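The structure appears below as structure tokens.
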Amino acid sequence: MLVAELSQASLLTLDTETTSLDPLSAQLVGLSLCTVPERVYYIPVGHRDQADARAPDQLAWDEVLNQLRPYLESPKLPKLGHNLKYDLAILSRHGVMLGGPLWDTMIASYLLDPGRRSHKLDDLAEKFLSRRLTSFAEVTGNDKRPDCFAYVGLPEARDYSCEDARATLLLWEIFRPELDRLDLWPLFSEVEMELVPILAEMERHGIIVDPAVLNLLSVEFHADIKRLEQEIIRLAGQEFNISSPRQLGEILFEKLGLPHGRKTKTGYSTDIRVLEELQRYHDLPTAVIRHRNLSKLTSTYIDSLADQVHPKTGRIHTSFNQTVTATGRLSSSNPNLQNIPIRTHEGQRIRQAFIPAPGCLFLSADYSQIDLRVLAHYAQDPALLKAFRSGRDIHVETAAEIFRTHSAMVTTEMRRVAKTINFGIVYGMSAFGLAGQLNISRKEAATFIDRYFDHFAGVKQFMHDIVEQARTNGYVTTLLNRRRVLPDINSTNRMQREFAERTAINTPIQGTAADIIKLAAIQVDHRIRKEGLQTKMLLQIHDELVFEVPIAEQEATTRLVKPAMESVLELSVPLIVNISTGANLAET
DNA sequence: ACACGGCGC
DNA sequence: TATCCGCGCCGTGTA
């Protein structure tokens, strides 16, 4: 009956039930399928009874596959799911390469409103279908086993799973016309959905960390932390918890009587800026800064990365989340591989622990100044366009303007200030924010900003226009028509309104950069396939793609990646990609 | 659950 | 008068 339906279907909705959230170890328990919301089928294949034997009344997966494979793998039949990246990974491990256009209600919901807090099926069903779905906790009861779903009775599992598949299809019937109406279909089908299997493969492949390097760092840093603890206690004259900002504040500002600066809701601020200021008066802050640096690296990166090496693969498998950020960027979690330290020497040593597979090297390809290039394109500012078209150092050019000198006379310090301003511009920063960032007076900051806008008048005009556009429309868009609503843009609360105004400036820039890097990942993936290379894309870090490249493919990959990334979109200024290679992440 | 602090782009 | 630069994830402390 299902098969008869499938042969007529124009869309197949599916939802997998498994033994684990980790697709690398999850076993398939059941699969629900539907082509219309009125009839949903549940196929139990991996249920266990209470004695942990195979439950009766199930189908053998091989026989199910004999019947269903042509439809599941059909390149013509579109597949709909909620968070299809997961189902894709599960089915792939069970011998099915899901084919056809992929449509995902989680991503559809995200494109329709990227600012929404949750795109979970249960929450969307409640909001758009006025239906309360049975939660996973309700169907698995008190069972705390990681593979608890396998022990759910067949009727209960069927009802639960079918409910989810049906809700997915009903949501799709709402979202699909909305995507069309808001002109989001190309972004959805040609960008976001193309990215899904690519991200799934990046996650599956993972990245190697060298446990020997991590162990060495762990031992060394723990010893340093221990020594610093002794010194801090000596300098403070008493024991206390250095990791507690509250206790640290009491020591610094009450016991030692050092001058306190800003206060937070809960007490004195003890952040890095405050501690650096206090170094003039006492040796304690210096030791605390060093202690903070080392404990941060140890707890967040060294020890926890070692814990997250997958037992089956010996690699780290992050999750790339496609429905989290308000701007269109990806995020990475469990662990976050988009914030591995880079600036400090200790950070570089952590990067050394990330290594390519034997016989391979890492190749990193990053867009040069992508945010400012996007700004140049939007603003059509003659000076900014000229600087990028002539290939000059944008921060040096900016410094020459705001310091009223020639670019040949720009010092590294002047360049640093200009760089801060350039980043601030992208974020819609005020004179107040810039002053705080550069530790200069507000008047000086205002002078820099005035001179900046004097020279880059097109940027000023752009910032004005985009805020105006946001006020009129209630939303802003990127070059690929990604949209973000700004409910507070006309708020009477000045703080809220100004925040929305900064968002109106930043989102088209950051979001367009996100569009570009997503297009790049898709293009590069397709070309790698076409050329039959073994190179694997491992990471996306906002403006950078990192690959694991067999040594013999280094040249071919470089020749492929750079032009592919530079030609994904034609802006008014060139997109420039820098390539570097190395035997670990520190070397790239 | 929330605040703080800190890592990345 | 006060304002405190956009987007994330995560560890720790505190309640």
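Fair warning: this is a prediction, and the values are worked out from it, not measured in the lab.
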### Query
Do any N or O atoms from the side chain of A:Arg351 and from the backbone of A:Ala586 form a donor-acceptor pair under 3.5 angstrom?
no

Rounded off to whole Å, could you give me the [atom1]-to-[atom2] distance for the [X] and [N] pair?
| X | N | atom1 | atom2 | value |
| --- | --- | --- | --- | --- |
| A:Lys296 | C:dT12 | NZ | P | 10 Å |
| A:Arg292 | C:dT12 | CZ | P | 14 Å |
| A:Ile370 | B:dC9 | CD1 | P | 14 Å |
| A:Met495 | C:dC4 | CE | C1' | 9 Å |
| A:Leu337 | B:dC7 | CG | P | 17 Å |
| A:Leu294 | C:dG11 | CG | C1' | 15 Å |

Mind checking if [X] touches a base, just sugar-phosphate, or nothing, with heavy atoms under 4.0 Å?
| X | value |
| --- | --- |
| A:Phe499 | sugar-phosphate |
| A:Ile340 | sugar-phosphate |
| A:Ile505 | nothing |
| A:Arg246 | sugar-phosphate |
| A:Asp371 | nothing |
| A:Asn339 | base |
| A:Thr507 | nothing |
| A:Ser295 | nothing |
| A:Ala326 | sugar-phosphate |
| A:Glu544 | nothing |
| A:Arg273 | nothing |

When you get a sec, tell me which of [options] is the closest nucleotide to the side chain of [X]?
| X | options | result |
| --- | --- | --- |
| A:Pro245 | B:dG5, B:dG8, C:dG8 | B:dG5 |
| A:Arg502 | C:dC5, C:dT12, B:dC7 | C:dC5 |
| A:Ser304 | C:dG6, C:dG11, C:dG13 | C:dG11 |
| A:Asn506 | B:dC4, C:dC7, B:dG8 | C:dC7 |
| A:Ile272 | B:dG6, C:dA2, C:dT14 | B:dG6 |
| A:Ser299 | C:dC7, B:dC7, C:dT12 | C:dT12 |
| A:Ser244 | C:dC9, C:dG13, B:dG5 | C:dG13 |
| A:Thr420 | C:dC5, C:dT14, B:dC9 | C:dC5 |

### Message
Closest-nucleotide mapping onto DNA chain C: is A:Pro114 or A:Ser243 further toward the 5' terminus? I mean the 5' end.
### Response
A:Pro114

Under 4.0 Å between a side-chain N/O of [X] and OP1 or OP2 of [N], yes or no?
| X | N | value |
| --- | --- | --- |
| A:Asn241 | C:dG13 | yes |
| A:Ser331 | C:dC9 | yes |
| A:Gln540 | B:dC9 | no |
| A:Arg343 | B:dG6 | no |
| A:Asn293 | B:dG5 | no |

### Task
Report yes if a donor N or O on one partner sits less than 3.5 Å from an acceptor N or O on the other, where the partners are the side chain of A:Gln510 and the base of C:dG6; otherwise report no.
yes

### Query
Going through the distances and angles, do A:Arg227 and A:Asp224 end up as a salt bridge (Lys or Arg N to Asp or Glu O under 4.0 Å)?
CA-CA 5 Å; A:Arg227 271 197 294 277; A:Asp224 286 351; 2.5 Å; yes

Give a yes-or-no answer on whether the side chains of [X] and [Y] include a donor-acceptor pair shorter than 3.5 Å.
| X | Y | answer |
| --- | --- | --- |
| A:Asp113 | A:Tyr475 | no |
| A:Gln352 | A:Glu587 | no |
| A:Asn321 | A:Ser333 | yes |

#### Entry: Spacing of A:Gln322 atom CD and A:Leu195 atom CG [to the nearest 0.5 Å]
5.0 Å

#### Entry: Whole-Å P distance, C:dC4 and B:dA3
16 Å

### Query
Is there a side-chain contact between A:Leu275 and A:Leu252, using heavy atoms and a 4.5 Å cut-off?
yes

